[in-house]
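Since the structure comes first, as structure tokens, the remarks are kept for the end.
Values reported hereafter were calculated over all heavy atoms of this structure, with side chains retained and with hydrogens, waters and symmetry mates removed.
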Amino acid sequence: MKDPKRYLVTAALPYANGLKHIGHLAGAYLPADIYVRYLKAAKKDVVFVCGSDEHGTAIPIQATKEGTTAKAIIDKYHPIIEQNFKDLGIAFDIYHRTSAPIHHETAQEFFTMLNSNGDLEIKESEQYYDEEAATFLADRYIKGTCPNCGYESAYGDQCEKCGKSLSPDELINPVSTLSGKVPVKKSTKHWYLPLDRHEAFLREWILKENGDNWRANVVGQCKSWIDGGLQPRAVTRDLDWGVKVPLPDAEGKVLYVWFDAPIGYISATKQWALDNDKDWKPYWQEKDTKLVHFIGKDNIVFHCIIFPVMLKLHGDILPDNVPANEFMNLEGDKMSTSRNWKLEMQDYIDDFINKENGGSQMADVLRYYLTQIAPETKDSEFMWKGFQDANNSELVSIFGNFVNRTFVLMHKLCGGKVPPLHAGSMDELDTAVIDAVAQSKQKITVLLEEYKFRDALFEVINLARTGNQYMQKKEPWIVAKQTGEDGKPVAEAQQLIDNCLHICLQLTANLAILIHPFLPFTAKKLCHMMKVVDKMLEWENAGSMQLLKTGYSLRAPELLFRKIEDAEITYQVEKLKNAAISRETVTMDTNAATTEETAIKPVKQEIVFDDFAKIDLRVGTIVSAEKVEKADKLLKLQVDLGFETRTIVSGIAMHFSPEEITGKQVTVVVNLAPRKMRGIESNGMILMAEDANGKLHFINPETAINAGSGVS
RNA sequence: GGCGAGGUAGCUCAGUUGGUUAGAGCGCAGGAUUCAUAACCCUGAGGUGAUGGGUUCAAUUCCCAUCCUCGCUACCA
């Protein structure tokens, strides 16, 4: 969009069920903050909204587990996350929350409008119902055995072990987590957003209009979704935690969290407007508003497909761009909350910012490294060594050093004041540097507008590098040796020194402006050293060589960045590895965890012996095994049961290679009805036990016995 | 298996609407220097551009196949 009148920038709403890690920071919040700081410096009308996403079933479930309430959880994490962002210099105009009444009203109004316009579909369906708790069960309130990996505590929407997304119907032996009883199917009514009606619009808007200017990964994901066929998506849930469905016949129903969460951007904007005596409407309704969503790649479908359809139906503007980032790995492995392989914002703050360990300058160091390795086009890697190198050899050695040597020389050779620029003594080297400053500003501006933050940051550092090269060639400390009888540099020499330092100082002032979106604390510190007000940081000032007045006395230099020692990073790496939950530890801890789980996990309905006797279990020996074509998880086994050798297909390929299980003894259900899988008929089922880590184990006799032996 | 994104110097990553010697930063080696947080500055070494085919006067860039990584998806009684 050329020349938008105003900007609305959003960063994905963090789910308020725990602390957020630097992957989240690098993926959405930091790039959004950089972009917004740039826009504000350029005096654009911009609102930057974010806030806690506090609904969804995960939160009440977590509350039950921890013996607390959903409200207590969100009230705990909301302020911590908000403070973490502040400590790292992420400056939202508002950090709102979806539990706020204004959000509930906004989301309800949104739903009502779509519903009364006939843009939603109503469908009756059979859903699991807990008779004891007298309530329908949201997907996450149902647990059962995952049909995919066999994990016994899979949720109705997703198995946390294998990550597969599920529907409650797929669960084996579903159990209500509320009462522990087996739920019954009961008819219920829900509202759906018919995405399929909007396929033509989405194709046109995403692929045609934005196919070239959105990032390849974003367009690709969308295309994949659209080509896969869009389905109506349920907008409501049977749950009591969330935004109530504003209809008389919808008792006990709330809006599905994916529906209300993005509306949180709108309600946050409303609250901001109230707080600041502004009108929120133009930001969502005027065509000349540029809406930009910063998110991680996991959120692409919501922000590029679903929410735009909602916005369109509601008569709002559509996002101009959705610069989604890929993921950031940590020390060679993907970040994971469950395996505790992560660096939380809070951890970094505790170790580097809060301690007398650098203070806010260390916030900028993290911002620097995360931007330098931002996963803009592909997954990237956070390495502590890389963090140290980026700081020591770029921030300290190039940027910090240039500023420091400029200030030191200015105090030594120019009496602590901004020296004059003697036009008559200028040479082409001087003008080249002056040009370079203007060019840097142009390049950085373009890159920022294109959301290429890592390249933009590189250009800023490069300008500092140019400064170092310039000073090296000018060698004012050598020139200063041309002294007269009074021991001071002769006039011509002093002019050269003045020119060099004048230019270096103006360049430093430019660096402050250009680095400001990326490293706000550093920019502030530079302003302090130069005794200028924040107004100098306005973007239009960049490129100018008249930012500091001749004769103005400046403060003594302070070091902008400190070195990071080897010991600090080895400590962090050790800490990470020690905290990580290794496979072994998981297996050992499992005993405790499992006991707890089993305590919660209800025993299935009682059966009589005859029921059990119906099941014919035998010991078998795997005589051969091979991978099933076109299936990642299936192995085709030949099992010797004594009386015959059978073909059994089993979903264990992710856990065992064909070679390692050949010859193993297993327990087989031999009278299970045959079933075809991937075109192969499976005659029986191999019994497996699963530990808390999701690993499967064979159930077999202690010592090898005859194939075909009965089990009872 | 299908779809999407990737596989480029020791490391982290650019780039190429197909065209002379494929780039940057860091790291490494050598040199120069001392104003500066042993920093800066200069020079250099380092790449079968995943692999194998094809199209073309010419491919890293286009096409096909294969292998590997990440995400989504399918198979799981």
### Query
Would you say B/A39 has OP1 or OP2 under 4.0 Å from some side-chain N or O of A/K563?
yes

### Message
Quick check on B/C70: is either OP1 or OP2 less than 4.0 Å from any side-chain nitrogen or oxygen of A/K378?
### Response
no

### Task
Assert yes or no for the condition that the ring centre distance of A/F518 to A/F453 is strictly below 6.0 Å.
no

### Query
Looking for any heavy atom pair under 4.0 Å, which part of the strands does A/N401 touch: base, sugar-phosphate only, or nothing?
base

### Query
Going by the angle between their ring planes, with limits at 30° and 60°, are A/F307 and A/H303 parallel, tilted or perpendicular?
perpendicular

### Task
State whether A/R465 places a side-chain N or O below 4.0 Å from either non-bridging phosphate oxygen (OP1 or OP2) of B/C26.
yes

### Task
Indicate, with a heavy-atom threshold strictly under 4.0 Å, whether A/K412 touches base, sugar-phosphate, or nothing.
sugar-phosphate

### Query
Looking across every strand, which nucleic acid part, if any, lies under 4.0 Å from A/S682 by heavy atom: base, sugar-phosphate, or nothing?
nothing

### Message
Using a heavy-atom cut-off of 4.0 Å across all strands, would you classify A/L559 as base, sugar-phosphate, or nothing?
### Response
base

### Task
Using a 4.0 Å heavy-atom cut-off across all strands, classify A/F561 as base, sugar-phosphate, or nothing.
base

### Task
Could you classify B/G46 for me, syn or anti, using a glycosidic angle within 90° of 0 as syn?
syn

### Task
Output yes when A/K473 and A/D427 qualify as a salt bridge under the 4.0 Å nitrogen-oxygen rule, no when they do not.
no

### Query
Within a radius of less than 6.0 Å around CH2 of A/W225, do more than 12 heavy atoms belonging to other residues, nucleotides or ligands occur?
no

#### Entry: Phosphate-side-chain proximity, A/Q469 and B/C42, N/O vs OP1/OP2 below 4.0 Å
yes

### Query
Looking for any heavy atom pair under 4.0 Å, which part of the strands does A/E394 touch: base, sugar-phosphate only, or nothing?
sugar-phosphate

